[in-house]
Amino acid sequence: MVNLDEQLKIVRKLQFRAASAKLELHDLAEDLPVRWTDIKRVAEKTFDAFAELDAARKKLSMSEKSR
């Protein structure tokens with residue numbers, strides 16, 4: 001079982017990954033229509049990053065409540 005400090009580190013790492021993906025998606029939007037073929041790949045990467053972050057936040061919240 002992962003302790004609270006480790007879960008916090010995981011959430012912070014995922015926050016950074018999600019923010020990076022968000023910026024990549026934003027940059028892609030600014031480059032449209034030139035890079036339109038990258039939309040699906042970048043959007044899926046961003047979606048996955050935020051889904052993973054959401055799950056980690058929920059897990060952290062549950063761990064904090066059970067303390």
Side-chain angles (χ1 to χ4, degrees):
M1 182 174 205
V2 179
N3 70 30
L4 202 56
D5 288 335
E6 290 172 356
Q7 285 180 331
L8 244 145
K9 288 179 186 179
I10 291 169
V11 167
R12 287 186 184 129
K13 179 180 174 184
L14 292 173
Q15 285 174 325
F16 178 77
R17 187 182 306 160
S20 295
K22 176 182 160 185
L23 288 175
E24 185 178 359
L25 188 60
H26 179 268
D27 290 345
L28 172 65
E30 288 183 343
D31 290 343
L32 290 175
V34 176
R35 294 178 48 209
W36 72 269
T37 56
D38 294 337
I39 292 172
K40 188 173 182 179
R41 178 189 58 81
V42 175
E44 285 175 349
K45 177 181 171 183
T46 305
F47 180 90
D48 292 344
F50 275 92
E52 195 174 352
L53 174 59
D54 186 55
R57 282 179 174 163
K58 287 177 181 175
K59 186 175 180 180
L60 177 62
S61 177
M62 291 175 74
S63 294
E64 288 175 336
K65 288 178 184 177
S66 68
R67 262 178 108 191

Hphob cluster co-occupancy, [X] + [Y], side-chain heavy atoms under 4.5 angstrom:
X	Y	result
V42	L32	yes
L4	L53	yes
L60	M62	no
L25	V34	no

query = Should the pair R41-E24 be classified as a salt bridge under the 4.0 Å nitrogen-to-oxygen rule?
reply = yes

With rounding to the nearest 0.5 angstrom, report the [atom1] to [atom2] distance, [X] to [Y].
X	Y	atom1	atom2	answer
F50	R17	CZ	CZ	12.0 Å
H26	E30	NE2	CD	4.0 Å
D38	K45	CG	NZ	11.0 Å
I10	Q7	CD1	CD	6.5 Å

task = Please lay out, stage by stage, how D5 and K9 fare under the test salt bridge (Lys or Arg N to Asp or Glu O under 4.0 Å).
result = CA-CA 6 Å; D5 288 335; K9 288 179 186 179; over 6 Å; no

query = So, the side chain of S61 versus the backbone of R57: is there a donor-acceptor pair under 3.5 Å, distance only?
reply = no

key: N/O donor-acceptor pair under 3.5 Å between N3 side chain and E6 backbone   = yes

message = If I compare all heavy atoms of T46 with all of A21, which pair ends up nearest, and what's the gap?
response = OG1-O, 3.2 Å

